[in-house]
Amino acid sequence: NGANFIDTDDLSCIFDGNIFVPAKWIAPSALTCITPSYHPGDVLVKVSSNRQQYSTDSMMFAFHSRAAVTQLAPPKGSMLGNTKIQVYGTGFINSTFLTCKFGKVAVYGIYISPTHIECVSPAHFAEEVEFSISNNRVDFSVADVKYTYIRAAQIHSVQPRSGPISGGTNVTVQGSNFMESDSVFCRFGDKIVHAEYISASSVSCVSPARETSGIAAVSVSVNRDDFGLETVSFEYHESIHLTSVEPSYGSDKGGTVVFVSGKHFLNSHGLLCRFGNSVPTPGRHVSENAIECTSPVGRPGQVLLSITNNGVDYSDTSIVFRYMPSAKVVQFSPNRGPQVGGSTIKVLGTGFSTSGCKCHFGKRVVVAIVRNSTFLECVSPPAQNVQINYGAVAFDISNSIENVHRTYSDKTFTYEPSATISNIIPSVVKASGTAAIQVIGQSFPTKGTNMSCVFQSGDFKFNSIADVRSSTLILCQTP
């Protein structure tokens, strides 16, 4: 740019006093010319209209080595742009025209050193583009380096959704647009940890430690720089500390409800109790300092009881729980009776304690009469709802010391509708000799029970074998 430029055939730019190159006239105040080849350095530029007389003044022009790019970090980023990229190479100049070009889109660069500049990616479709830089926004480097635009990673959920402030929780993140790469990362709040790629919709990472409890926003990046705008919450909680369990023993058949005291219990779906190496059982949250657990089946002896709030990270502290040898049923009879209860059940088995045993009819429990370590008797209680409740319930025996609240027995006792008598034919017979009578009614058991007809008057009582013909008809012989 200048003044008094004349449009002639000899219009020229002169570099370093003796290198002439043709110029193209644009206006009396403007012309263009193309630089000649020259070594790096500063030269004066003048203008001539006839290649003999020069302009009275000149401008400085700097020749420099052509810039070259060798590496991008990261080499890929979100299609939404705004990725901060470190560009490494040679020939970078601290110029106000320093430019990075992504495909056909140019943005300003930030000079750091002759071998390092920084630029922020613009938005672009998800594809690979050529990358180049320019020191003067005109001469760009050879586009040997590629930059890849990728779809932004999105997060849908994390599992588990909480973990201790000590960190170390293996967290699975579900989402979309995850890419298989060595540079997949999770961010918990402001802390970044490496992640392991599982699939395009799943990655796993280990939660970092944190000083206090609270909520941390979790996001994922496939280049350590672009973390998705979408986040999910991960709750940090204090580590569980256990102090006691009551009772501290129970049946090896399981079913003992224990009260666990401690600190930092959460009312969460992941609240679980683990007795030794057994499959964890759900815990019932009572308060921040107490929960209830039900023991599973175990072997006689001591095990360590531990608790988790998230189904993954168990308490560092544990307490001892002892499994006691249990009473076991071999056989019992009868195995069915009326729903109003009252049936005397004879039970054969092992391990019956003379200190006390209980018979379990589903959720109903009655005290047993222990004859010896292998034989006892108990009377069936009424079914829970005598109006409608009949059918099979679990039957089992427990020693009082077992602390059993419910059983997992495969043996069953069947409650049947109570038998009722509506008519006897004939209802009058001679006192001498015997007579056959028909007993009409409902719900007479047709199998599995030895039925009798009982004739009683005052101190006189006589039993005769009942011939059960159907659930509504029995034949008997009078005394």
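- Nearest heavy atoms, A216 versus G189: CB-N, 4.0 Å.
- Between R224 and I192, some side-chain heavy-atom pair lies under the 4.5 Å cut-off.
- For the pair C186 and V173, the minimum side-chain heavy-atom distance is below 4.5 Å.
- Judged by distance alone, the side chain of S452 and the main-chain N or O of V454 form no donor-acceptor pair under 3.5 Å.
- A donor-acceptor pair under 3.5 Å is formed between the side chain of S183 and the backbone N or O of V222.
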Check the pair T99 / R137 against side chain to side chain donor-acceptor pair (under 3.5 Å), numbers first and verdict last. CA-CA 6 Å; T99 304; R137 209 171 178 85; 3.0 Å; yes
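- Within the 3.5 Å criterion, the main-chain N or O of G77 finds a donor-acceptor partner in the side chain of Y147.
- In this structure, the side chain of S295 engages the main chain of T256 through a donor-acceptor pair within 3.5 Å.
- A distance of 9.5 Å separates CD1 of I440 from CD1 of I474, quoted to the nearest 0.5 Å.
- Ring pair H116/Y88 is parallel by interplanar angle, where below 30° counts as parallel and above 60° as perpendicular.
- Qualifying side chain to side chain donor-acceptor pair (under 3.5 Å) partners for N82, counting only residues two or more places apart in sequence or in other chains: none.
- Between the side chain of R364 and the backbone N or O of S380 there is no donor-acceptor pair closer than 3.5 Å.
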If you apply the rule side chain to side chain donor-acceptor pair (under 3.5 Å), what do you find for S470 with T472, and how did you get there? CA-CA 5 Å; S470 70; T472 58; 3.2 Å; yes
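- By the 4.5 Å heavy-atom criterion applied to side chains, Y314 and L272 are counted as neighbours.
- The existence of a salt bridge linking K263 and E238 is excluded, since no basic side-chain nitrogen approaches an acidic carboxylate oxygen closer than 4.0 Å.
- The environment of NZ in K191 is crowded: more than 12 heavy-atom neighbours from other residues, nucleotides or ligands sit within 6.0 Å.
- One N or O on the side chain of S268 and one on the backbone of N309 form a donor-acceptor pair closer than 3.5 Å.
- Considering every non-hydrogen atom in both L376 and I397, the closest pair reads CD2-CG2, 3.8 Å.
- A distance-only check finds no donor-acceptor pair linking the side chain of S315 to the backbone of S306 [under 3.5 Å].
- Taking a 6.0 Å sphere around NE2 of H156, one finds it holds more than 12 heavy atoms contributed by other residues, nucleotides or ligands.
- Under the 3.5 Å distance criterion, with hydrogens and angles disregarded, a donor-acceptor pair is assigned to the side chains of S326 and D252.
- Ring orientation note: the planes of F462 and F455 are tilted relative to one another, at an angle of 30° to 60°.
- Atom NZ of K358 sits in a sparse spot, with 12 or fewer heavy atoms from other residues, nucleotides or ligands closer than 6.0 Å.
- Around the CD1 atom of I465, the shell of radius 6.0 Å holds no more than 12 heavy atoms that belong to other residues, nucleotides or ligands.
- Enclosure of atom CD in E211 is not indicated, since only 12 or fewer non-hydrogen atoms of other residues, nucleotides or ligands lie within 6.0 angstrom.
- With rounding to the nearest 0.5 angstrom, the CD atom of Q159 is 7.5 Å from the OG1 atom of T172.
- The two residues N135 and I93 make their nearest non-hydrogen contact at OD1-N, 2.9 Å.
- For the pair Y149/P122, a side-chain contact is recorded, criterion being any heavy-atom separation below 4.5 Å from C-beta on.
- Atoms CG and CZ, from L72 and F131 in turn, are 5.0 Å apart once rounded to the nearest 0.5 Å.
- Counting heavy atoms from C-beta on, the side chains of E416 and P338 never come closer than 4.5 Å.
- Note that the CD1 atom of I345 and the SG atom of C378 stand 6.0 Å from one another [nearest 0.5 Å].
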Evaluation steps, side chain to side chain donor-acceptor pair (under 3.5 Å), between S239 and H264: CA-CA 7 Å; S239 298; H264 311 309; over 6 Å; no
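- Atom CD of Q442 has 12 or fewer neighbouring heavy atoms from other residues, nucleotides or ligands inside a 6.0 Å radius.
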Under the side chain to side chain contact (heavy atoms under 4.5 Å, CB included) criterion, do I150 and M79 qualify, and how do the steps go? CA-CA 5 Å; I150 57 178; M79 62 183 291; over 6 Å; no
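- With sequence neighbours left out, D467 forms a salt bridge (charged side-chain N to carboxylate O under 4.0 Å, His left out) with R469.
- Using a 4.5 Å heavy-atom cutoff, the side chains of I307 and F265 are in contact.
- By the neighbour-count criterion of 12 heavy atoms within 6.0 Å, atom CG of N277 is sparsely surrounded, having that number or fewer from other residues, nucleotides or ligands.
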Apply the test side chain to side chain contact (heavy atoms under 4.5 Å, CB included) to residues E196 and C205: give CA-CA distance (whole Å), side-chain angles for both, the deciding distance (0.1 Å), then the verdict. CA-CA 6 Å; E196 180 181 355; C205 45; over 6 Å; no
Please list every donor-acceptor pair under 3.5 Å in which a side-chain atom of residues 101-110 meets a protein atom from a residue at least two apart or in another chain.
none

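- Between the OG atom in S261 and the CD atom in E246 there is a gap of 9.0 Å [rounded to 0.5 Å].
- The environment of CZ in F375 is crowded: more than 12 heavy-atom neighbours from other residues, nucleotides or ligands sit within 6.0 Å.
- For S287 and N289, the side-chain atoms include no donor-acceptor pair closer than 3.5 Å.
- The side chain to side chain donor-acceptor pair (under 3.5 Å) with D313 is formed by just one residue from the set N170, T308, T169; it is T169.
- Taken from NE2 in H124 to CG in L80, the straight-line distance is 13.5 Å, to the nearest 0.5 Å.
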Test side chain to side chain contact (heavy atoms under 4.5 Å, CB included) on V303 and L305; report intermediate values, then the result. CA-CA 6 Å; V303 297; L305 170 61; 6.0 Å; no
May I have the step-by-step check of side chain to side chain contact (heavy atoms under 4.5 Å, CB included) for H237 and S162, ending in yes or no? CA-CA 7 Å; H237 54 74; S162 65; 3.8 Å; yes
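- Annotation: cation-pi geometry satisfied between R187 and F227 (NZ/CZ under 6.0 angstrom from ring centroid, within 45° of ring axis).
- Ring centers of F188 and F234: under 6.0 Å apart, within the cut-off.
- In this structure, K328 contributes its side chain and F352 its backbone to no donor-acceptor pair below 3.5 Å.
- Taking the six-membered ring for Trp and the full ring otherwise, F178 and Y197 have centroids separated by 6.0 Å or more.
- Side-chain atoms of C293 and F275, non-hydrogen and from C-beta on, do get closer than 4.5 Å to each other.
- Between E128 and K146 there is no salt bridge, since no side-chain N of the basic residue sits under 4.0 Å from a carboxylate O of the acidic one.
- Using a 4.0 Å cut-off between a side-chain N of Lys or Arg and a carboxylate O of Asp or Glu, R161 and E235 do not qualify as a salt bridge.
- Side-chain atoms of S132 never come within 3.5 Å of backbone atoms of F140 as a donor-acceptor pair (strictly under, hydrogens ignored).
- The pair D396-K411 fails the salt-bridge criterion, with no side-chain N (NZ, NE, NH1 or NH2) lying under 4.0 Å from an Asp/Glu carboxylate O.
- Two residues are said to be in side-chain contact when any heavy atoms from C-beta on lie closer than 4.5 Å; F444 and P417 fail this criterion.
- Aromatic ring orientation, F413 versus F332: tilted (interplanar angle from 30° to 60°).
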